[in-house]
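Since the structure comes first, as structure tokens, the remarks are kept for the end.
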Amino acid sequence: MSRPLSDHEKRKQISVRGLAGVENVADLKKNFNRHLHFTLVKDRNVATPRDYYFALAHTVRDHLIGRWIRTQQYYYEKDPKRIYYLSLEFYMGRTLQNTMVNLGLQNACDEAIYQVWLGLDMEELQEIEEDAGLGNGGLGRLAACFLDSMATLGLASYGYGIRYEFGIFNQKICGGWQVEEADDWLRYGNPWEKARPEYMIPVHFYGHVQHTPDGVKWADTQVVLALPYDTPVPGYRNNTVNTMRLWSARAPNEFNLKDFNVGGYIQAVLDRNLAENISRVLYPNDNFFEGKELRLKQEYFVVAATLQDIIRRFKSSKFGSREAVRTSFDAFPDKVAIQLNDTHPSLAIPELMRVLVDIEKLEWDKTCAYTNHTVLPEALERWPVHLFEALLPRHLEIIYEINQRFLDRVYAKFPGDLDRLRRMSMVEEGSVKRINMAHLCIVGSHAVNGVARIHSEILKATVFKDFYEFEPHKFQNKTNGITPRRWLVLCNPGLAEVIAERIGEDYISDLDQLKKLLNFVDDEGFIRDVAKVKQENKLKFAAMLEKDYKVKINPNSLFDIQVKRIHEYKRQLLNCLHIITLYNRIKREPNRHFVPRTIMIGGKAAPGYHMAKMIIKLITSIGDIVNNDPVVGDRLKVLFLENYRVSLAEKGKLLVPAADLSEQISTAGTEASGTGNMKFMLNGALTIGTMDGANVEMAEEAGIENFFIFGMLVEDVEELDRKGYCAKDYYDHLPELKQAIDQLSSGFFSPKQPDLFKDIVNMLMNHDRFKVFADYDAYIKCQEKVSALYKNPKEWTKKVIRNIATSGKFSSDRTIAQYAREIWGVEPTRHKIPAPDEPRE
């Protein structure tokens, strides 16, 4: 339970948590009681903990509103270039604590809650909030970090996406298997959003195209309305509050009411659901393309509504004016930048052309830029032409036209090279004719970027080689980052405070300042403080795990953590083989000293991905054997962390702050960047990883000697592909690997169903695209180095400090500053807008 802080503690925490002034606390208490009474219509006798959460959320939200309105007024007055970040996913997590951090209200709220009601515990209230899980993983979480950084850097930016009624499924583990449950995150209402029915926008589907003397008409369409919901996005203590606008699908009132007999009327009202299904549910696939019509509808829905909104805002540049003020589109590229988060919003390109050419009767200009997130072929969007023909006939015509003009330019530069034309065409011929959306994005954008240096180089050398040769100036790199507000100050206040005591608090919005910590690498007091914070986080996390999983955790064991989506390329199976190898070594020499480990793996498998679901079952089955073997004792424990999500990673659950070792072990050349790797680095874990994604740059920043790097490089993987990867060679030559695979085959880990893991063994032995066995030996040896270092806590902590001190590059503030200057053509600023209670400039 919360208690009032001592004066010393308050002084310590003033910097990072904000000042709890007397007036501030009194004001918060008054507003909390007012909301409980007037907003929730409850009194103390009947209010539930959830009512208290909502009262607090509304109280904190009140502090956003004045800043939100003033920020938008400021933008209308200054008329800056506006940045539109289009994404089918925004994995926001919880909002309450993040808002308190960014507004500097944490201490005041803690104190107010404590005074209002002695039994109220701030952490308990925070746990009541549902995660806004409107994303699958990295891509959606990146969008959320970017919104935070764009507001912190004073950019006039907007996040546009879909308000899914059901976000990423909740994962339950039943009998060791993943079971999915619907994520009804809006069941109790969402205090952070504001519906804006006055900005409702029609979106058209189906119909046919008419070419008339007056131009092109898209006729006889079905209309769905897009209703916007706005969520405030506060910057870090700069009084800037930007907007995330998510669209919800609504059937128009005249929907299907052609039949006027009674039966027809009832059915017509029931059929409204069909239109409204567009924003019902997030597709739960990560790095996999499933060409479903509903998904294509979602992609066009968000793009069509957003572009109409962008153009409306561009035209009415006077505050409060809903009438068109600008009539010329000449300034459009100077006032609007559109960033496409992967190919999912790629229809923005033909849609913008349709609006400018068909409706505004203008020429078309490139306003879009495209971020690529993956090189896995199964993830690339290739939509069947027959779907387009039915759903978006005019857009198909426009794509054909863009493609023809583009191929004419290519042919002029490479005359006679027909094979190159075929490779570069947006239209793929085959048994099913398809549109390659990545090609559309490259051609229709003025900039194309990968998300880590190695990934951007791979794009230029392989997947988009032809396009790079044709237009090299388009290609850039923007290495991903994470927001230090959520991923340090919020999730690890103990560490944030220890850092602030040494170097001040400015690092929170200028993470490069962490480099100053290099002066403290040999400082005994700092080494002790960093180790103490880690140990406290591990103790709390261990207590939570024991409560939830009924497994006794040794808090002095090495906490070895791999949390990310379950996918063959991320190689959770390599981790499993290491666990089995450790287990076998303990069984072989039960009296030898082993460095104790608690190995935790978490993540969701796409519901239709059989192998990923088998991998989860394997992890839980290994855990059942290992955790119940008395010979092993507390030297090795294996946990599968159920329902891994944003809120499990951060403060309430302490997963990231408690980690000692971060597993980033994808096959070189497959993970575009990764961002979980950065969260662990910033929070004082060491990394074991391959030279893949952002690991390469992290190791470069920290120094390779402060990283556990192992395994094949991209060149080695390519060489092995040329030579031919033969799993059996490794199986025959590595006795411990052979033993582990034989145990899987024989049913050692599934005694009741001996052939349970035959699909996994068959894949590993005969068609493993990600070459698990090729890196097995190097991985095991590297893990031995990890254990050896862990025996020397002081040296371990020194490496931890060097990692924290060099993680500044991986702030999303740096990433966004680079997008702003090098792609969007705007300059970031830490200028502070006057607060609502201060006179305007």
Side-chain angles (χ1 to χ4, degrees), residues 171-180 285 288 378 549 551 562 565-588 599-632 636-642 663 665 667 724-777 779-780:
Q171 178 193 57
K172 290 271 187 290
I173 300 297
C174 300
W177 297 93
Q178 168 177 297
V179 177
E180 301 86 24
N285 301 318
F288 182 77
E378 65 268 34
Y549 294 92
V551 174
Q562 185 179 24
R565 285 296 288 254
I566 310 294
H567 201 299
E568 286 159 88
Y569 88 83
K570 294 178 186 281
R571 298 202 296 190
Q572 283 90 357
L573 285 172
L574 184 56
N575 197 341
C576 288
L577 291 177
H578 174 243
I579 298 171
I580 295 172
T581 303
L582 275 184
Y583 173 72
N584 289 333
R585 286 179 178 183
I586 294 171
K587 294 289 279 186
R588 207 164 36 244
I599 301 177
M600 297 167 241
I601 303 177
K604 292 173 182 177
Y609 188 175
H610 167 72
M611 186 57 67
K613 290 186 141 179
M614 286 308 306
I615 291 168
I616 291 175
K617 177 60 176 169
L618 175 61
I619 298 162
T620 57
S621 301
I622 294 170
D624 288 341
I625 298 289
V626 171
N627 299 345
N628 294 302
D629 191 324
V631 174
V632 174
L636 181 61
K637 291 286 183 234
V638 181
L639 287 179
F640 185 84
L641 301 170
E642 185 176 81
E663 300 264 357
I665 57 178
T667 311
Y725 167 67
C726 176
K728 191 155 188 318
D729 290 350
Y730 301 93
Y731 172 85
D732 290 337
H733 290 104
L734 298 167
E736 288 187 301
L737 173 61
K738 181 177 189 301
Q739 183 188 5
I741 295 301
D742 290 348
Q743 285 169 313
L744 291 183
S745 300
S746 68
F748 180 87
F749 294 102
S750 53
K752 290 185 180 148
Q753 212 181 328
D755 64 347
L756 181 60
F757 299 119
K758 67 174 189 309
D759 289 355
I760 291 182
V761 173
N762 179 39
M763 181 274 289
L764 287 172
M765 292 297 290
N766 301 309
H767 41 89
D768 175 10
R769 293 166 58 201
F770 303 106
K771 306 177 177 62
V772 170
F773 290 4
D775 275 341
Y776 168 84
D777 196 41
Y779 181 55
I780 299 295

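Bear in mind the structure is a predicted one, so any value in this text is a computation, not a measurement. Counting begins at 1 with the first residue of the sequence.
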Check Arg571 against Ile665 and note the closest heavy-atom contact, atom names and distance. NE-O, 2.8 Å
Between Ile741 and Phe773, does the side-chain contact (heavy atoms from CB on, under 4.5 Å) criterion hold? Intermediate values first, please. CA-CA 10 Å; Ile741 295 301; Phe773 290 4; 3.5 Å; yes
So do Lys738 and Leu734 actually touch side chain to side chain, heavy atoms under 4.5 Å? no
Looking at Thr620 and Gly176, what are the two nearest heavy atoms and their distance? OG1-O, 3.0 Å
So which atom in Val632 and which in Ile586 form the shortest heavy-atom distance, rounded to 0.1 Å? CA-CG2, 4.2 Å
Measure the spacing between CG of Leu764 and CG of Asp759 and express it to the nearest 0.5 Å. 11.0 Å
Do Ile780 and His578 come close enough that some side-chain heavy atom pair is under 4.5 Å? yes
Nearest 0.5 Å, what's the CD1-CG distance between Ile579 and Asn584? 12.0 Å
Could you tell me if the side chain of Leu573 sits less than 4.5 Å from the side chain of Phe770, heavy atoms only? no
Check whether the side chains of Glu568 and Tyr609 place a donor and an acceptor atom closer than 3.5 Å, and report yes or no. yes
Given side chains that start at C-beta, do those of Ile619 and Gln562 come closer than 4.5 Å, heavy atoms only? no
Is the shortest side-chain heavy-atom distance between Ile580 and Phe749 below 4.5 Å? yes
The reported gap from CG in Leu574 to NZ in Lys771 (rounded to nearest 0.5 angstrom) is 14.0 Å
Can you tell me which residue among Glu642, Gln572, Gln178 is in a side-chain contact (heavy atoms from CB on, under 4.5 Å) with Ile616? Gln178
Before giving the answer on side-chain contact (heavy atoms from CB on, under 4.5 Å), spell out for Phe640 and Gln171 the whole-Å C-alpha distance, their side-chain angles and the decisive distance to 0.1 Å. CA-CA 12 Å; Phe640 185 84; Gln171 178 193 57; 3.6 Å; yes
Value rounded to 0.5 Å, distance of NZ in Lys617 from CD1 in Ile173: 10.0 Å
Once you round to the nearest 0.5 Å, how far does CG of Asp768 lie from CG of Asn762? 11.0 Å
Nearest-0.5 Å distance, CD of residue Gln753 to NZ of residue Lys758: 8.5 Å
For residues Tyr779 and Asn575, report the shortest heavy-atom separation together with the two atoms involved. OH-CA, 3.8 Å
Taking every non-hydrogen atom, the tightest pair across Ala605 and Ala612: CB-CB, 3.5 Å
Once you measure the plane-to-plane angle for Tyr583 and Phe748, does it fall in the parallel (<30°), tilted (30-60°) or perpendicular (>60°) bin? tilted
Polar side-chain atom of Asn627 near backbone of Gly623 as donor-acceptor pair, under 3.5 Å: yes
Look at the aromatic rings of Tyr730 and Tyr725 and report parallel, tilted or perpendicular, splitting at 30° and 60°. tilted
Determine whether Lys637 and Val626 satisfy the following criterion, side-chain contact (heavy atoms from CB on, under 4.5 Å), listing intermediate values before the conclusion. CA-CA 7 Å; Lys637 291 286 183 234; Val626 171; over 6 Å; no
Within-4.5 Å side-chain heavy-atom neighbours: Val631 and Lys587: yes
State, with a plain yes or no, whether a side-chain heavy atom of Phe288 is found less than 4.5 Å away from one of His567. no
Pairing of Lys604 and Glu180 as salt bridge, 4.0 angstrom limit: no
Are side-chain heavy atoms of Leu744 and Leu618 found at a separation under 4.5 Å? yes
Over all heavy atoms of both residues, which pair between Asp624 and Asn628 is shortest? Give the atoms and the distance, please. O-ND2, 2.7 Å
